[in-house]
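Predicted, not measured: the structure shown is a model, and the values here were computed from it.
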Amino acid sequence: MQLSEVFGARHEQLLESASALDEGERFRALVTAQPLSPTLARAVARTSRRFADLAGIDDAVLTSGAFGGQQPYVDYYPAVPAKLDPLEECGGFYGFADYAPFGSDAWMARTELPSVTAADRLLRLVFHRPMRAHEGKDLRFVPPPSRETLADVEEKLKAMISATARLVPLDRKRAFERLRGLLADYEFARERATSAATFNAIWSARTFRRIGFRVPFVLLSELFEDEELLPAVADTLSLFARERPLIAETIRSSLDLGLRFTAKEAGPLAIADANGIRRFVDFVAVDQLRANRGRWSLDVFAPLFLFRLGVTGIVNGRGSIKYSLVLARVMERLFGVAHPPNLLCSCAPPATGPFVEAVRLKFGRVPDWEPTLIARLLCSEPSTIRKEIAESWR
């Protein structure tokens with residue numbers, strides 16, 4: 001996907017100031033030409049090793065300052081794993097924003113697949129229940145799914161596979177074998193997880209490894225709380241607190257240019273209360289951050305903190321790269337430096353595969369839907385999925 005597909009002819013000057021580009025080779029050259037911060041490398045090594053042990057996967061080594069990441073989901077559109085492809089080429093790392101507010105993105109809890117077993121053509125799988133009871137909570141305060149919930153997911157997918165195989169060519173036996181592998185990773189995550197955040201992240205990391213991606217994975221909350229990085233995080237928070245009027249004015253001026261961004265009167269620091277609800281606060285001292293380990297988090301300004309910690313390039317999707325236009329202006333006015341190389345990596349492949357074809361055959365048309373990872377994992381080999389992802393965004 002190219003920048004012109006996201007922005008059209010607008011914001012050319014802003015795109016330049018945000019160092020935005022859509023050429024993977026150029027991004028890799030720019031990022032790998034810069035030295036890797038030893039402090040960042042050590043912190044990523046510590047946190048990725050701990051997470052690899054938790055997720056039961058092999059670790060990988062960081063060799064550049066390239067970064068990509070987002071909230072951990074229970075399933076993914078192709079645009080999300082696509083970001084891992086250029087990161088692997090650069091030797092970068094991927095972070096799960098495990099502190100995001102539950103419900104701010106439906107993919108944290110559910111997914112939809114085209115199915116002939118659903119009257120409206122979409123099978124809805126919900127992993128975290130009840131959704132309304134946890135609305136707005138920090139993901140770390142939402143419990144992982146129960147065994148009964150995963151059993152319900154299993155039965156629905158089995159029924160979908162069987163019904164599809166009766167209508168279109170589908171190797172039912174092989175699909176059930178793939179389903180067992182998929183469910184084994186969900187069950188592994190359920191047994192290891194202490195929250196929805198770790199459940200989603202463990203399953204995601206295991207699935208990305210299964211497909212073939214070799215990058216270090218970290219929980220962003222743990223990376224920001226790393227003892228070697230924490231003082232720098234606190235210093236940046238202090239700067240945000242001192243320069244709040246400047247930041248607010250910069251955001252307002254960006255909004256005047258037609259950019260969409262949530263107006264900020266407080267932040268970027270939030271603390272989860274006893275119920276897990278994130279509240280924005282002002283205090284920034286290191287000892288206070290230590291006292292609130294596992295409860296504090298950063299908002300959409302988190303990339304700026306990462307840049308201050310040594311990240312030298314970022315891979316963004318078509319939604320997050322729009323935020324970078326505003327972040328670049330804040331970064332220049334607050335820190336006096338330019339935004340690092342900023343790669344747009346996204347895709348929107350057409351709906352294909354046996355589940356789609358079965359729906360088309362039975363209902364005459366398919367829903368407006370992109371092929372998710374679950375749908376692909378049930379009917380394709382991991383190496384095929386890996387190749388398709390690598391080709392999809394270029």
Side-chain angles (χ1 to χ4, degrees), residues 11 13-15 17-20 40 67 69-71 95 97-101 104-105 136-140 220-221 223-226 229-273 275-312 314 316 319-340 342:
H11 308 316
Q13 183 178 354
L14 283 171
L15 288 169
S17 70
S19 304
L40 177 67
F67 166 81
Q70 68 158 65
Q71 307 97 323
D98 54 317
Y99 46 73
S104 60
D105 192 323
K137 289 184 180 180
D138 182 315
L139 270 176
R140 294 170 293 180
L220 282 183
S221 65
L223 182 66
F224 286 130
E225 289 181 342
D226 183 86
L229 299 183
L230 201 58
V233 172
D235 286 345
T236 302
L237 283 168
S238 297
L239 183 58
F240 266 82
R242 291 197 304 271
E243 301 294 340
R244 183 178 296 171
L246 174 66
I247 295 169
E249 191 280 324
T250 303
I251 293 174
R252 282 195 296 272
S253 66
S254 300
L255 298 177
D256 290 342
L257 295 171
L259 300 177
R260 299 186 64 183
F261 197 85
T262 303
K264 304 293 295 182
E265 298 300 330
L269 179 68
I271 303 286
D273 62 20
N275 296 315
I277 302 298
R278 298 163 77 241
R279 314 286 186 187
F280 286 99
V281 297
D282 293 325
F283 63 75
V284 294
V286 172
D287 60 339
Q288 292 170 313
L289 293 178
R290 290 193 183 105
N292 287 279
R293 284 186 184 278
R295 296 177 56 220
W296 66 270
S297 60
L298 301 173
D299 65 359
V300 293
F301 286 110
L304 301 193
F305 286 78
L306 290 167
F307 300 150
R308 299 274 283 179
L309 295 175
V311 164
T312 56
I314 188 168
N316 276 309
S320 54
I321 201 165
K322 295 178 182 179
Y323 282 121
S324 71
L325 305 187
V326 180
L327 298 183
R329 292 168 66 88
V330 173
M331 189 171 182
E332 194 281 327
R333 297 189 68 178
L334 193 60
F335 308 135
V337 296
H339 195 291
N342 178 11

Working to the nearest 0.5 Å, report the span between CD1 of Ile251 and CG of Leu246. 10.0 Å
Spatial distance of atom CG (Asn292) from atom OG (Ser297) [nearest 0.5 Å]: 11.0 Å
Heavy-atom pair of closest approach, residues [X] and [Y]:
{"X": "Arg293", "Y": "Glu225", "value": "NH1-O, 2.8 Å"}
{"X": "Ala234", "Y": "Leu289", "value": "CB-CD1, 4.1 Å"}
{"X": "Arg329", "Y": "Ser253", "value": "NH2-OG, 3.0 Å"}
{"X": "Asp299", "Y": "Pro268", "value": "OD1-CB, 3.0 Å"}
{"X": "Lys137", "Y": "Asn275", "value": "CE-O, 3.2 Å"}
{"X": "Pro101", "Y": "Arg278", "value": "CD-NH1, 3.7 Å"}

With sequence neighbours left out, the residues meeting side chain to side chain donor-acceptor pair (under 3.5 Å) with Asn316 are Ser320, Asn342
Tell me, please, which residues at least two apart from [X] pass salt bridge (charged side-chain N to carboxylate O under 4.0 Å, His left out).
{"X": "Glu249", "result": "Arg333"}
{"X": "Asp273", "result": "Arg279"}
{"X": "Arg290", "result": "Glu227"}
{"X": "Asp138", "result": "Arg140"}

Tell me, which pairs form a salt bridge (Lys or Arg N to Asp or Glu O under 4.0 Å) where one or both residues lie in residues 234-243, sequence neighbours left out? none
Return the set of residues passing side-chain contact (heavy atoms from CB on, under 4.5 Å) with [X] (not counting sequence neighbours), or none when no residue passes.
{"X": "Ala285", "answer": "Asp287, Gln288"}
{"X": "Ala100", "answer": "Gln71, Met108, Leu139"}
{"X": "Thr236", "answer": "Phe240, Phe305, Arg308, Phe335"}
{"X": "Ala232", "answer": "Leu309"}

I'd like to know whether Val337 forms a side-chain contact (heavy atoms from CB on, under 4.5 Å) with Phe307, so could you lay out the CA-CA distance, the side-chain angles of the two residues, the decisive distance to 0.1 Å, and finally the verdict. CA-CA 10 Å; Val337 296; Phe307 300 150; over 6 Å; no
Are the side chains of [X] and [Y] in touch, meaning some heavy atoms are under 4.5 Å apart?
{"X": "Ile314", "Y": "Leu306", "answer": "no"}
{"X": "Leu237", "Y": "Leu298", "answer": "yes"}
{"X": "Phe301", "Y": "Leu327", "answer": "yes"}
{"X": "Glu332", "Y": "Ser17", "answer": "no"}

